[in-house]
Amino acid sequence: AYEDYKVTGVQTCALPICCTDAGCDEVLQYQNLGDKLLTLGAEAELRREWRHGGLFALSYAWQRSGYGNLDGIANSPEHLVALKHAVALGRSGATLANVLRAESGREVVDGSHKTPAVFLWDLTVTGDAVPGHLTYGLGVRNLTDARVEHPVSPELAPLDTVPQPGRTAFATLTATY
């Protein structure tokens, strides 16, 4: 249960009610804080693509953010690494793609600790069911069923993290006309 409350000069949100000194709304809304967020980062990728659908890519991204400095913010991994490999499956026109990802830990909102680093593997098959008009995709995200948690805002206290989906199968079908 949530209750209405009023904080002068500051917007406070607790699902499903947001309050300002002007009153409370029943609509959930997110608003930027007055503090300036600074971010410094860099990305690099080595990539090779082949004519018949093959691909190999290795990428790395580094990012550091903070309010007024670069001391870090909650739920922002500093390091991201990905290895991508895709191959054509015979003459069918289908492609098998693997993506291996590593993410550094994410700081929780109160700054007391970071979540563990995670390693994820996604596997996908895509292709044309009707060339130019109907495409499909089948796959599994987080194939190894890694346990992943992301930090959450104080409104969900006493929780400081929430679990993310484990191994997840998916299918897509896209029609173009």
Is the side chain of [X] donor-acceptor paired with the backbone N or O of [Y] at a distance under 3.5 Å, no angle test?
X: Ser92; Y: Leu89; answer: yes
X: Thr168; Y: Gly166; answer: yes
X: His79; Y: Trp62; answer: no
X: Arg167; Y: Leu143; answer: yes
X: Ser65; Y: Ile73; answer: no
X: Arg64; Y: Leu70; answer: yes

I need the [X] [atom1] to [Y] [atom2] distance, nearest 0.5 Å.
X: Asn98; Y: Leu83; atom1: CG; atom2: CG; answer: 8.5 Å
X: His113; Y: Thr115; atom1: NE2; atom2: OG1; answer: 7.5 Å
X: Glu103; Y: Phe119; atom1: CD; atom2: CZ; answer: 10.5 Å
X: Arg141; Y: Asp122; atom1: CZ; atom2: CG; answer: 7.0 Å
X: Lys84; Y: Arg101; atom1: NZ; atom2: CZ; answer: 9.5 Å
X: Tyr67; Y: Leu38; atom1: OH; atom2: CG; answer: 10.5 Å

Inset, instruction - Taking atom CZ of Arg48 as the centre, report whether more than 12 heavy atoms of other residues, nucleotides or ligands fall under 6.0 Å from it. - result: yes
Inset, instruction - Mind listing the closest non-hydrogen atom pair of Phe56 and Trp50 along with its distance? - result: N-CZ3, 3.8 Å
Inset, instruction - State, to 0.1 Å, how close Glu149 and Pro163 come at their nearest heavy-atom pair, and which atoms those are. - result: CG-CA, 4.0 Å
Legend entry - ILVMFWY clustering at 4.5 Å (side-chain atoms), partners of Val148: Val118, Leu120
